[in-house]
Amino acid sequence: MCGRFTLYSSLNNLKKVFDIDTVTCEIKANYNVAPGHEVYAIIRGSILKQNDNRLGKLHWGLVPSWAKDLSGASRLINARAETLQEKPSFRNALKKRRCLIIADGFYEWKEKQPWYCLPAAGSLFGFAGLWETWKENNKSAYHSCTIITTEASESIKEIHDRMPVILKPEIIKEWLNPATQEYEKLSMILKHGHVTRIRTYQVSKFVDSPKNNGPRCIKP
DNA sequence: CCAGACGTTGTT
DNA sequence: GTCTGG
DNA sequence: CCAGACGTTGTT
DNA sequence: GTCTGG
């Protein structure tokens, strides 16, 4: 799965790697992004009907629009690629509210020991994600997201049996395009358009507590 | 008809 | 919101 | 994902 | 043990 990750690259680096037209927030380095935290994601064609790639903040842990309150806000942090279409919490978002969640790397735990997973070829990760807006009368909207997961590739199978869907750079445009709505096409992107080569190394249990942060989290 | 659910993951 | 179960 | 909490009652 | 919070 993907229950903790990092984002510490500068905005300039993000712009070099991804196609970003508009930036709506400041980027703050985080070596221990936990559920409930704010994450940075690229969205195209939201309710604002903008036609550019917009980088903004979303809360990690998807809250469906029909949720009664925010009490379950950190529960839906992952969504299985294999069953997205059947799930009431994800189905509509798959069709209309896809996003790309930016990360430098992510953590996986094997027998209570944390490992850090990062791109084998340098650069950054773009996770396939879904987002949603939840609103209570008269209050401001709560924007949230979930990270789509798939079967682990050879590179990390020994550590864990699930991993986030890391989109190949050349397929990101199609994933973010609001016009892409056929399930067959989306399914193909998730199944065949993701990166499988990951580099891993063991890190200390410092990262275990969501209160801890800083470069020490990713120290081998 | 209304009520109630709606999600993923890991664990010995 | 939308589907399933009673 | 891991850490941390885990409760009731009456009172102005 | 199990749920909530980060």
Side-chain angles (χ1 to χ4, degrees), chain A residues 1-8 28-40 47 57-99 101 103-118 125 127-137 141-153 156-166 181 183 190 198 200-214 216-218:
Chain A
M1 72 172 308
C2 183
R4 218 72 81 74
F5 64 95
T6 65
L7 180 66
Y8 42 80
K28 244 171 66 185
N30 190 343
Y31 290 83
N32 199 354
V33 182
H37 286 183
E38 280 175 332
V39 306
Y40 301 99
I47 41 171
K57 285 188 286 194
L58 295 172
H59 290 100
W60 186 18
L62 186 141
V63 180
S65 59
W66 40 260
K68 289 183 187 72
D69 50 48
L70 290 176
S71 62
S74 295
R75 269 195 297 170
L76 306 183
I77 61 169
N78 292 141
R80 293 176 70 91
E82 299 89 333
T83 56
L84 280 178
Q85 201 200 18
E86 313 159 11
K87 305 295 184 185
S89 299
F90 303 136
R91 210 176 27 200
N92 294 338
L94 174 66
K95 204 168 185 184
K96 295 181 177 165
R97 288 177 296 279
R98 296 178 301 275
C99 64
I101 297 158
D104 279 280
F106 60 96
Y107 300 98
E108 292 288 3
W109 276 259
K110 180 188 169 68
E111 292 151 8
K112 296 279 169 194
Q113 284 297 324
W115 291 69
Y116 190 49
C117 310
L118 62 168
F125 284 143
F127 299 148
L130 304 176
W131 65 278
E132 194 65 72
T133 296
W134 179 89
K135 201 174 183 313
E136 198 169 30
N137 292 340
Y142 184 90
H143 300 293
S144 62
C145 65
T146 190
I147 295 172
I148 299 174
T149 65
T150 189
E151 196 181 334
S153 65
I156 64 168
K157 222 163 65 180
E158 295 303 312
I159 299 171
H160 200 71
D161 65 341
R162 304 288 299 173
M163 68 185 280
V165 172
I166 302 154
Q181 296 200 357
Y183 175 68
L190 293 172
I198 313 285
T200 64
Y201 62 82
Q202 203 165 1
V203 292
S204 82
K205 288 171 75 65
F206 180 72
V207 72
D208 281 10
S209 172
K211 288 176 186 162
N212 291 336
N213 215 305
R216 193 176 153 192
C217 291
I218 60 167

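Chain letters run A, B, ... following the sequence lines, proteins first, then strands; residues in each count from 1. What you are looking at is a predicted structure, and each value in this text was computed from that prediction instead of being measured.
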Using the P atom as the reference point in each nucleotide, state the distance between E:dC3 and D:dT9 in Å, no decimals. 22 Å

Counting only N and O atoms by type, is there a donor-acceptor contact under 3.5 Å from the side chain of A:T200 to the main-chain atoms of A:C117? no

Please find out if less than 6.0 Å separates the ring center of A:W60 from that of A:Y40. no

Gap in Å between the two C1' atoms, one belonging to D:dA5 and one to B:dG4, rounded: 28 Å

Using the P atom on both, measure B:dC6 against D:dG7 and round to a whole Å. 24 Å

For A:T146, which contact category applies under a 4.0 Å heavy-atom criterion: base, sugar-phosphate, or nothing? nothing

For D:dT11 versus B:dA3, give the span between their P atoms, rounded off to a whole number of Å. 36 Å

Considering only heavy atoms of chain A and a distance under 4.0 Å, specify the first and last nucleotide of DNA chain D in 5' to 3' order that meet this criterion. D:dC1 to D:dG4

Taking the six-membered ring where the residue is Trp, are the ring centres of A:F5 and A:F127 under 6.0 Å apart? yes

Compile the donor-acceptor pairs under 3.5 Å between side chains in residues 70-80 of chain A and protein atoms, sequence neighbours left out, one pair per line.
from: A:S71; atom 1: OG; to: A:D69; atom 2: OD1; distance (Å): 2.5
from: A:N78; atom 1: OD1; to: A:C2; atom 2: N; distance (Å): 3.4
from: A:N78; atom 1: ND2; to: A:C2; atom 2: O; distance (Å): 3.2
from: A:N78; atom 1: ND2; to: A:I147; atom 2: O; distance (Å): 3.4

Apply ring-ring contact (aromatic ring centres under 6.0 Å, His included) to A:Y201 and list each qualifying residue two or more places apart in sequence or on a separate chain. A:Y116

For A:P210, check side chain to side chain contact (heavy atoms under 4.5 Å, CB included) against everything at least two apart and list the hits. A:R4, A:A34

Which pairs with one or both residues in residues 105-114 of chain A pass salt bridge (charged side-chain N to carboxylate O under 4.0 Å, His left out), sequence neighbours excluded? none

Flag the pair A:R98 and A:E132 as a salt bridge only when some basic side-chain nitrogen lies within less than 4.0 angstrom of an acidic carboxylate oxygen. no

Anything under 3.5 Å between a protein N or O and an N or O of nucleotides 1-3 of chain E, put it in a table, one pair a line.
none

The side chain to side chain contact (heavy atoms under 4.5 Å, CB included) partners of A:S209 (sequence neighbours excluded) come to A:K211, A:N212

Residue pair A:C145, A:I101: steps toward the side chain to side chain contact (heavy atoms under 4.5 Å, CB included) verdict: CA-CA 9 Å; A:C145 65; A:I101 297 158; 3.8 Å; yes

Indicate, with a heavy-atom threshold strictly under 4.0 Å, whether A:W66 touches base, sugar-phosphate, or nothing. base

Please name all residues satisfying salt bridge (charged side-chain N to carboxylate O under 4.0 Å, His left out) with A:E151, sequence neighbours left out, ordered by chain then number. none

Taking only the P atom of each, what is the distance from E:dT2 to B:dT12 in whole angstrom? 15 Å

Mind listing the residues from residues 86-95 of chain A sitting with a heavy atom below 4.0 Å of DNA chain D? Number order is fine. none

Whole-Å gap separating P (E:dG5) and CG (A:L70): 11 Å

With sequence neighbours excluded, what pairs up with A:E136 under the side chain to side chain contact (heavy atoms under 4.5 Å, CB included) test? A:W134, A:K139

Which is true for A:R80 with a 4.0 Å heavy-atom rule: it touches a base, it touches only sugar-phosphate, or it touches nothing? sugar-phosphate

A:N30 meets the side chain to side chain contact (heavy atoms under 4.5 Å, CB included) criterion, sequence neighbours left out, with A:N32, A:V33, A:H37, A:N213

Under 4.0 Å, heavy atoms only, any strand: does A:S209 hit a base, just the sugar-phosphate, or nothing? sugar-phosphate

Which stems, defined as runs of 3 or more consecutive Watson-Crick or G-U wobble pairs with both pairing distances under 3.5 Å, involve DNA chain D? D:1-6 with E:1-6

What distance do A:L118 atom CG and A:Y107 atom OH have between them, rounded to the nearest 0.5 Å? 10.5 Å

Within the structure shown, what part of the strands sits under 4.0 Å from A:N212 by heavy-atom distance: base, sugar-phosphate, or nothing? nothing

